[in-house]
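See below for the structure under consideration.
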Amino acid sequence: MIRVQDLTKSFQTRTGRIAAVRGISFEVQAGEVLAFLGPNGAGKTTTIKMTAGLIRPDQGDVLVDGRSLASQHDWVTARMGAVLEGSRNLYWRLTVLENLLYWGAMRRVPGRLARERASNLLRRVDLLTRAHNTVQTLSRGMQQKVALCQALMHEPPVLLLDEPTLGLDYESSESIKGMVRDLAQNGTAVLLTTHQLDIAQELADRVAIVRDGQVVLEGQTAAVLDRFSRPLVQIVAAEPWPADLERRIYGFPVTVTGPDTLELLPGDRGEQALYALLARLEPHPLARVERHQADLAEVFLEVVGTRSGT
Amino acid sequence: MNRLLIAEWRRMVVGLVRYPIDTIASTLTLFLVFAGLFYGASYITSSPIGGGRLSTVVLGYTVWIVMMAATGDMAWSVQNEAQNGTLEQVMMVPWNSVWVFLVRAVMAIVGMLVPVGAVLLALLAMTHVHLFWRPAALVPILMVIATAWGLGLLVAGIALLLKRVGQVLQIVQFLLLFVIVSPVAVLPGLGWHLASIAIPFAAQVSLLHGLLAAGATPTAWLWLESVMNLLFVLMGGIALFIGADRLARRQGILGHY
């Protein structure tokens with residue numbers, strides 16, 4: 001659906017040229033959400049703006065359905081919708097409906113169809129009753145929902161979202177997440193950048209982590225999480241450990257991590273060690289036994305490191 | 001193109017209707033200025049108002065304010081979009097950005113001529129004065145407006161790169177004033193004729209002056225110079241705006257303010 005090929009960009013500053021993006025490539029297929037993650041200054045926004053045609057790359061290209069942004073700019077951008085970070089995306093003095101109709105017309109959507117789409121989109125985000133309110137009177141969460149609707153007026157097959165849930169409350173974030181999920185299920189290719197790693201983990205089919213202008217990790221979200229999961233088993237007791245815990249766990253590669261938790265590193269003995277330890281702990285009641293599963297925050301910290309991490 | 005026109009027309013009308021006090025105040029200002037022209041002339045000369053000289057003053061002033069609006073509107077539009085954070089969305093629509101800002105400029109002029117026309121009609125009815133003008137003057141007036149759009153695109157291009165252009169516009173307006181009072185196109189010598197092709201409005205102002213004030217029939221050469229001036233400035237403005245757009249995208253500063 002959308003293929004980003006070898007994008008490279010450097011900017012001239014007073015102290016010399018700085019490479020913002022260095023040969024970034026990735027693809028987002030129809031119906032897929034790619035979370036494009038990285039610390040501040042890693043090159044995420046520059047990449048997304050190059051993808052949208054707002055920044056001209058020094059090298060590389062963006063292809064949508066095989067057509068090049070460099071040579072067919074209007075055709076390609078007509079198939080993209082974008083909610084840009086830090087940008088208001090909307091005219092605050094126009095009403096919600098006026099904004100949607102305006103941006104629909106600007107993207108060549110016929111009037112009657114635009115009205116129909118605007119109503120459907122506003123219904124979907126529970127803002128139909130606010131259609132005739134000016135955007136400046138809406139909450140930040142509502143404005144962001146309208147910005148998303150604006151980006152969807154021409155039903156683009158590719159959606160670019162730069163920090164779409166930044167500064168939103170839980171309810172608004174959930175609403176945006178639900179909409180992104182629905183869009184992906186209906187075949188939209190979504191490129192998402194966010195610092196909210198829990199949201200990325202929930203939404204993304206694939207993740208790409210960028211550092212210093214380069215993709216340093218890319219893969220299916222589940223596979224990436226598995227790859228970074230440690231062979232640890234956490235055992236959580238239903239009540240504090242007994243006084244003779246030290247004796248019971250003697251000889252096992254165990255770390256007591258709390259008054260009612262401990263972690264086992266089974267090592268070469270694998271499940272045998274786990275079952276042997278569980279037998280030793282009996283009859284103390286246990287709440288749960290679970291294998292360690294990395295989350296995206298752990299992956300991010302490990303990949304990005306502390307040098308430039310946020 | 002129709003959708004773009006309709007979208008921009010609606011956006012402009014909404015702006016006028018949503019802020020009625022502002023709309024009424026600007027119309028009232030226009031009324032007062034034109035009333036000043038109508039009645040002021042009579043007061044100063046102690047003679048009944050009317051005649052060819054008043055027509056020239058009124059039409060000259062109308063052309064001047066339309067010219068100023070056409071020159072500055074696109075730059076203000078770019079500056080406001082950048083300030084409001086919507087410029088990048090505008091630059092992402094599948095229309096050439098030149099078209100978008102030109103259509104906005106056309107709408108702005110239409111939106112300006114409606115109240116100007118209404119005010120003029122009202123004053124003509126109130127004063128029972130007839131304005132004398134030659135329909136042939138409409139062509140150079142349109143040429144002046146189109147040339148102003150060319151110059152406006154140039155300033156808008158600067159706005160794409162620098163964002164704040166209020167002072168640049170003031171300098172441009174000052175230079176235009178200088179051009180208008182300088183009879184470049186009717187000065188003898190090839191150099192002046194070439195200058196009247198390159199300097200915005202130089203030929204058209206002489207053309208208009210001939211048609212409205214002097215009652216003369218302009219030469220074919222002056223018409224040709226005016227057309228060439230229009231093409232030179234408009235094409236130059238388009239080329240410079242496109243160049244500025246490319247440079248802004250290359251420097252990654254479209255979203256800056």
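Computed from a predicted structure; not experimentally measured.
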In [range], which residues are in contact with chain A at a heavy-atom separation under 4.5 Å?
range: residues 97-114 of chain B; value: B:Val100, B:Arg104
range: residues 18-27 of chain B; value: B:Arg18, B:Tyr19
range: residues 239-249 of chain B; value: B:Arg246, B:Arg249

Output the option from [options] having the highest count of non-hydrogen pairs under 4.5 Å with chain A.
options: B:Asn2, B:Ile253, B:Val90; answer: B:Val90
options: B:Asn96, B:Leu254, B:Val93; answer: B:Val93
options: B:Met91, B:Glu81, B:Met92, B:Arg10; answer: B:Met92

Of the backbone (N, CA, C, O) and the side chain (C-beta and beyond), which part of [X] lies under 4.5 Å from a heavy atom of chain B, both, or neither?
X: A:Pro110; result: both
X: A:Thr46; result: neither
X: A:His73; result: side chain

Which heavy atom of B:Pro94 sits nearest a heavy atom of A:Met106, and at what distance?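 Shortest heavy-atom separation between B:Pro94 and A:Met106 comes out as CD-O, 3.7 Å.
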
Please give me the minimum heavy-atom distance between A:Leu94 and B:Val14, naming the atom from each residue.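 That would be CD2-CG1, 3.5 Å.
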
Are any of the side-chain nitrogens in B:Glu88 or A:Lys49 under 4.0 Å away from the carboxylate oxygens of its partner?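 Salt bridge: yes.
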
Check: B:Gln89 side chain, A:Gln150 main-chain N or O, donor-acceptor pair, under 3.5 Å: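 The answer is no, because no donor-acceptor pair under 3.5 Å joins these two groups.
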
Using a 4.5 Å cut-off on heavy atoms from C-beta on, say whether the side chain of B:Gln251 contacts that of A:Phe11.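 A:Phe11 vs B:Gln251: side chains apart.
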
Which residue pairs pass the side-chain hydrogen bond (donor to acceptor under 3.5 Å, both in side chains) test with at least one member in residues 139-153 of chain B, sequence neighbours excluded?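 Every pair satisfying side-chain hydrogen bond (donor to acceptor under 3.5 Å, both in side chains) with a residue in residues 139-153 of chain B: B:Thr147-B:Gln204.
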
Taking the six-membered ring of B:Trp95 (Phe, Tyr or Trp), confirm whether the NZ or CZ of A:Arg108 is under 6.0 Å from its centre and within 45° of its axis.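 Yes, a cation-pi geometry.
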
